[in-house]
Amino acid sequence: MGGLRVLIYFLVYSLSIFIRIKHCHSSSICLPKKHGGLFIFGDSYFDNGNNNYINTSISVQANYPPYGETFFKYPSGRYSDGRVIPDFIAEYAKLPLLPPYLHPGYPNYIYGVNFASGGAGVLDGTYQGLVVNLNTQVSYFKNVKKLFSKKVGDAEAKELISKSVYLFHIGGNDYSTLLETNSSLLLPHDHQQFVDMVIGNLTNVIKEIYNLGGKKFGFLNVPPIGCSPSIRIRVSNGSTGACLEDLSAIARLHNTKLSQMLQKLEKQLKGFKYSLTDFYSVVYQVIKYPSKYGFKEGSMACCGGGAYRGDGSCGGKRGIKEYKLCDNASEYVFFDSFHPTERASQHYSQLIWNGNHTITKPYNLKQLFQV
Ligand SMILES: *[C@@H]1O[C@H](CO)[C@@H](O)[C@H](O)[C@H]1NC(C)=O
Ligand SMILES: *[C@@H]1O[C@H](CO)[C@@H](O)[C@H](O)[C@H]1NC(C)=O
Ligand SMILES: *[C@@H]1O[C@H](CO)[C@@H](O)[C@H](O)[C@H]1NC(C)=O
Ligand SMILES: *[C@@H]1O[C@H](CO)[C@@H](O)[C@H](O)[C@H]1NC(C)=O
Ligand SMILES: *[C@@H]1O[C@H](CO)[C@@H](O)[C@H](O)[C@H]1NC(C)=O
Ligand SMILES: *[C@@H]1O[C@H](CO)[C@@H](O)[C@H](O)[C@H]1NC(C)=O
């Protein structure tokens, strides 16, 4: 059943690409009629396999069972039982599934490509040496731009780049690693400088892509990371545990500054357009009221061990061999100690794509593709 579904999925996509190419007049490169491609930057929420191809630690990889068991039927490197947010967004935008940039043998990136890397933060220092950091992700985008120019000429490349959407999920790791360097987290107001540094570096990245010709930017703000099972397990002493409020408070501080920064850029940069999804609130609602959204469990992970199954043991390859796996991942918000299930990602994606103004503004992603 699942295998058949995957087969049909790919057949439909191949067919849709074939039809588009058939209706293509100019060069061999042919864009979707109305809009450009989708370029993905970020961390494990978005990584669709890049970390399979870097020399890193298993702690930032998800290319072993039971990852990937529900949709793709193989562990593709996505931190999920199935698809991740960029897979759904590509589908809604009528684009094919985007390849991970580091996957060998994808010379054609006209529909976009995914640069995201599990563990990455905004800062180069976050999991340094283990991840493709954000600045490197941008340097890969530069390579893609050069490739476009070579294939279709500068003018068409410019058009393609300005029509495309650049979607980000990044920042959570910069803050959650604070816990590793300092287990006694400071109160949020003491983190002003650190948050400013993260926002400052993110601003530079956005400006860099803008200077390369990018105009349409999509962002998810940082979710309530203090409520992920991996953090709750630290707070709880094996019984009941709350969220680590201090960590979520830093996320909220980041989110406030992110929103201010984007409003500023919109005024500064001609033609700059963005969509900012209040991912924090969206995720918080689902964690707090799972049954309202059709989930049975909002706090405990489907896969892992210890309190909230938050010990990071999912798959049994990160030091701890024994782990538990739920029967039906779709009933859970979290698949492993940090990452959403496919079903949660689908819920998030629908709101990112088509949410109203309380959730995503000034445009939702659907509108951003069309403006
Ligand atoms: C991969 O990383 C390990 C540990 O950092 C290092 O010892 C090894 O030489 C690296 N291998 C390659 C091919 O870079
Ligand atoms: C860790 O946090 C405490 C306050 O909670 C602070 O006094 C200390 O300087 C921090 N240590 C490091 C290494 O940042
Ligand atoms: C970017 O981050 C580095 C640390 O990785 C910091 O030294 C620098 O000041 C930051 N840049 C901005 C503009 O905040
Ligand atoms: C552990 O959790 C229980 C239940 O929440 C609480 O009563 C107890 O005081 C906690 N113990 C420690 C050492 O935090
Ligand atoms: C798994 O859970 C979802 C959501 O509750 C439900 O729709 C689905 O039928 C369940 N699948 C199985 C095999 O029980
Ligand atoms: C926006 O969407 C959310 C979630 O779908 C809903 O709860 C809310 O009532 C909507 N707000 C408006 C103003 O339509």
Side-chain angles (χ1 to χ4, degrees), residues 1-5 66 69-71 73 80-83 119-138 170-171 173-175 177-178 181 191-211 220 253-254 257-258 260-261 264-265 268 275-298 300-303 325-335 340-367:
M1 160 67 194
L4 184 64
R5 202 166 55 151
E69 65 170 10
T70 56
F71 185 80
K73 303 292 171 194
S80 166
D81 55 304
R83 285 164 290 181
V122 172
L123 303 177
D124 288 352
T126 299
Y127 293 117
Q128 193 154 29
L130 293 176
V131 304
V132 183
N133 65 42
L134 188 58
N135 283 313
T136 307
Q137 293 180 29
V138 173
I170 194 91
N173 289 320
D174 298 295
Y175 301 115
T177 50
L178 279 178
T181 51
H191 280 290
Q192 290 276 0
Q193 272 188 324
F194 187 77
V195 173
D196 284 342
M197 193 163 85
V198 171
I199 294 289
N201 277 267
L202 183 57
T203 308
N204 287 346
V205 160
I206 297 166
K207 284 182 173 166
E208 207 174 338
I209 295 174
Y210 175 84
N211 289 333
L220 315 191
L253 180 62
H254 169 97
K257 287 178 185 262
L258 174 65
Q260 290 164 350
M261 178 264 273
K264 221 159 124 189
L265 286 185
Q268 277 174 8
S275 162
L276 173 60
T277 296
D278 187 4
F279 196 45
Y280 185 102
S281 301
V282 166
V283 174
Y284 188 79
Q285 285 296 312
V286 177
I287 291 174
K288 192 141 191 231
Y289 311 107
S291 60
K292 209 173 135 185
Y293 302 94
F295 296 93
K296 289 208 174 120
E297 178 58 57
M300 192 183 10
C302 164
C303 183
L325 180 65
C326 67
D327 287 335
N328 184 349
S330 296
E331 295 172 346
Y332 287 70
V333 172
F334 288 98
F335 181 63
T341 56
E342 170 176 282
R343 181 139 177 271
S345 286
Q346 182 172 33
H347 169 72
Y348 301 151
S349 301
Q350 282 164 355
L351 293 173
I352 294 162
W353 181 252
N354 212 5
N356 63 33
H357 259 71
T358 48
I359 291 167
T360 169
K361 61 188 166 196
Y363 301 106
N364 61 33
L365 218 53
K366 183 181 180 183
Q367 294 162 335

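Just the heavy atoms: all of them, side chains too, but no hydrogens, waters or symmetry mates, feed the values below. The first residue in the sequence is number 1, and the count goes up from there. Order of listing sets the numbers, starting from 1, for every ligand and every atom in it.
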Flag, side chain of Thr136 to backbone of Val132, donor-acceptor distance under 3.5 Å | no
Tyr348: what forms a ring pair (Phe, Tyr, Trp, His ring centres under 6.0 Å) with it, not counting sequence neighbours?
-> Phe279
Under 4.0 Å from one or more heavy atoms of Ser330, ligand 5 contributes atoms 2 (O), 3 (C)
For ligand 3, is there an N or O atom under 3.5 Å from any N or O atom of Asp124?
-> no
Heavy atoms, side chains only, cut-off 4.5 Å: are Leu365 and Thr360 in contact?
-> no
Atoms of ligand 3 close to Asn204 [distance to a heavy atom under 4.0 angstrom, numbered from 1] = 13 (C)
Within a distance under 4.0 Å of any heavy atom of Leu123, pick out the atoms of ligand 3 and give their elements.
-> 2 (O)
Would you mind listing which atoms of ligand 3 come within a distance below 4.0 Å of any non-hydrogen atom of Met197?
-> 2 (O), 6 (C), 10 (C), 14 (O)
Residues, nucleotides or ligands: over 12 heavy atoms within 6.0 Å of Lys366 NZ | no
Going by distance only, is there an N or O of Arg343 that falls short of 3.5 Å from an N or O of ligand 5?
-> no
Around Tyr293, counting heavy atoms of other residues, nucleotides and ligands shown, do more than 12 lie under 6.0 Å from its OH?
-> yes
Polar pairs, ligand 6 vs protein, N/O only, below 3.5 Å.
from	atom 1	to	atom 2	distance (Å)
ligand 6	2 (O)	Asn356	OD1	3.4
ligand 6	2 (O)	Asn356	ND2	2.4
ligand 6	11 (N)	Asn356	ND2	2.8
ligand 6	14 (O)	Asn356	ND2	3.1

Between Asn354 and Gln350, is there a donor-acceptor pair closer than 3.5 Å when you use the side chain of the first and the backbone of the second?
-> no
Would you kindly say whether Thr341 and Asp81 are connected by a side-chain donor-acceptor distance under 3.5 Å?
-> no
A student checking ligand 5 against Glu331 at a 4.0 Å heavy-atom cut-off should list atoms 2 (O), 5 (O)
Do the ring planes of Phe194 and His191 sit parallel (below 30°), tilted (30 to 60°) or perpendicular (above 60°)?
-> perpendicular
May I ask you to check whether the SG atoms of Cys303 and Cys326 are separated by less than 2.5 Å?
-> no
